[in-house]
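Here the structure comes first, spelled out in structure tokens, and everything after it is commentary.
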Amino acid sequence: MVLQVKIQLKGVTKPPVWRKLLIPGHLSFHQFHQVIQSAFGWQDYHLYQFSPKGFGDYPQICLLDEDWPEENQEDSQKTQIQSYLNQKAQTFTYLYDFGDNWMHEIKIEEIIDQKRIVPELIEGKGACPPEDCGGVWGYEDLKKSLSDSTHPEHRIRREWLGLGRGMIWDPVYFDLQEAQAEVAQSI
């Protein structure tokens with residue numbers, strides 16, 4: 001079974017940030033996490049969890065902490081995505097970075113009866129926000145400060161992003177071929 005999924009970063013709208021992928025159903029949720037990280041351009045610096053609707057919803061599928069076991073958690077390294085994601089139009093939530101709270105909605109667009117060994121990124125839109133920029137609110141503030149050279153934080157934010165003279169942060173920019181190459185090497 002292959003799932004065609006659209007994953008959209010919730011709360012980011014101008015432009016929206018989303019990716020469309022073909023995902024083998026036999027992958028573990030941890031492998032799915034790695035694919036999402038590659039497709040969006042995240043750097044995998046933070047914890048994550050999958051759940052039907054987000055915070056406070058169960059089951060929570062995540063990396064288990066042997067020192068802090070919790071009820072209603074499943075090991076993302078052992079749980080296959082097809083055990084939970086198996087119906088067309090079904091949605092699920094991927095939360096990345098419990099500080100910035102990047103919430104992604106996963107929607108199953110199609111279920112394809114074929115075997116596929118590796119995931120494939122087929123489409124996408126929008127630049128992924130930089131790690132640790134402060135969540136949706138922080139990203140909106142970052143975009144505003146970068147687009148206005150008179151903004152009091154313009155220079156500091158450019159330096160933080162490593163933007164040299166003449167370089168810009170373009171929230172619309174998405175390099176599909178580069179992201180496809182990253183996804184192909186993600187697991």
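Hydrogens, waters and symmetry mates are skipped; everything else that's a heavy atom, side chains included, is used.
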Could you give the distance from [atom1] ([X]) to [atom2] ([Y]), rounded to the nearest 0.5 Å?
X: I7; Y: F40; atom1: CD1; atom2: CZ; result: 5.5 Å
X: Q34; Y: S28; atom1: CD; atom2: OG; result: 7.0 Å
X: W42; Y: D100; atom1: CH2; atom2: CG; result: 7.5 Å
X: S51; Y: M103; atom1: OG; atom2: CE; result: 7.5 Å
X: S149; Y: R155; atom1: OG; atom2: CZ; result: 13.0 Å
X: K115; Y: M1; atom1: NZ; atom2: CE; result: 12.0 Å

Connected via hydrophobic side-chain network under 4.5 Å: [X] and [Y]:
X: I108; Y: V35; value: yes
X: L27; Y: L21; value: yes
X: I122; Y: F174; value: no
X: Y45; Y: I36; value: yes

Item to complete: Determine, step by step, whether N101 and L95 satisfy the side-chain contact (heavy atoms from CB on, under 4.5 Å) criterion, reporting the C-alpha distance in whole Å, the side-chain angles of both residues, the deciding distance to 0.1 Å, and the verdict.
Response: CA-CA 6 Å; N101 297 319; L95 175 63; 4.3 Å; yes
Shortest non-hydrogen contact from [X] to [Y]?
X: I23; Y: P119; value: CD1-CB, 3.9 Å
X: E131; Y: Q43; value: OE2-N, 2.6 Å
X: V17; Y: C128; value: CG1-CA, 4.3 Å
X: S76; Y: I61; value: CA-CG2, 3.7 Å
X: R158; Y: M167; value: NH1-O, 2.8 Å
X: I81; Y: G25; value: CG1-O, 3.4 Å

Give the table of side-chain donor-acceptor pairs shorter than 3.5 Å for residues 176-187, with sequence neighbours excluded, one pair per line with atom names and distance.
from : atom 1 : to   : atom 2 : distance (Å)
Q180 : NE2    : L121 : O      : 2.9
S186 : OG     : V183 : O      : 2.7

Item to complete: Test L63 against H30 for side-chain contact (heavy atoms from CB on, under 4.5 Å), laying out the working first.
Response: CA-CA 8 Å; L63 291 174; H30 183 69; 3.7 Å; yes
Between [Y] and [X], is there a side-chain heavy-atom distance shorter than 4.5 Å?
X: F50; Y: T79; answer: no
X: D57; Y: T93; answer: no
X: P171; Y: P129; answer: no
X: I111; Y: L3; answer: yes
X: V136; Y: V12; answer: yes
X: V5; Y: L85; answer: no
X: D148; Y: H154; answer: no
X: F29; Y: D75; answer: no

Side chain of [X], backbone of [Y]: donor and acceptor closer than 3.5 Å?
X: E153; Y: S145; value: no
X: H104; Y: Q8; value: no
X: R19; Y: K125; value: yes
X: D141; Y: W137; value: no

Item to complete: Quickly, which of E105, Q49, H33 forms a side-chain hydrogen bond (donor to acceptor under 3.5 Å, both in side chains) with Y94? Name it, please.
Response: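 Checked E105, Q49, H33 against Y94; only one passes side-chain hydrogen bond (donor to acceptor under 3.5 Å, both in side chains): H33.
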Discussion item. What verdict does the side-chain contact (heavy atoms from CB on, under 4.5 Å) test give for D97 and D132, after you've listed the backbone C-alpha separation in whole Å, the side-chain angles of each residue and the deciding distance to 0.1 Å?
Written reply: CA-CA 9 Å; D97 183 350; D132 300 322; 3.8 Å; yes
Worksheet item: Are H46 and Y96 near enough that their ring centres are under 6.0 Å apart?
Response: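 Between Y96 and H46, which both carry aromatic rings, the centre distance is below 6.0 Å.
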Worksheet item: Take atom NZ in K20; do more than 12 heavy atoms of anything else shown fall under 6.0 Å from it?
Response: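 Atom NZ in K20 is crowded, with more than 12 foreign heavy atoms closer than 6.0 Å.
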Fill in: Within 6.0 Å of CH2 in W160, more than 12 heavy atoms from elsewhere
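Buried by this count: over 12 neighbours within 6.0 Å.
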Discussion item. Parallel, tilted or perpendicular: which one describes the rings of W102 and Y139, with boundaries at 30° and 60°?
Written reply: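 Plane angle over 60°, so perpendicular.
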Item to complete: Output yes when E110 and K88 qualify as a salt bridge under the 4.0 Å nitrogen-oxygen rule, no when they do not.
Response: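 Yes.
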Practice prompt. Taking only Lys NZ, Arg NE, NH1 and NH2, and the carboxylate oxygens of Asp or Glu, determine whether K144 and E140 approach each other closer than 4.0 Å.
Written response: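 So K144 does not pair with E140 through a salt bridge.
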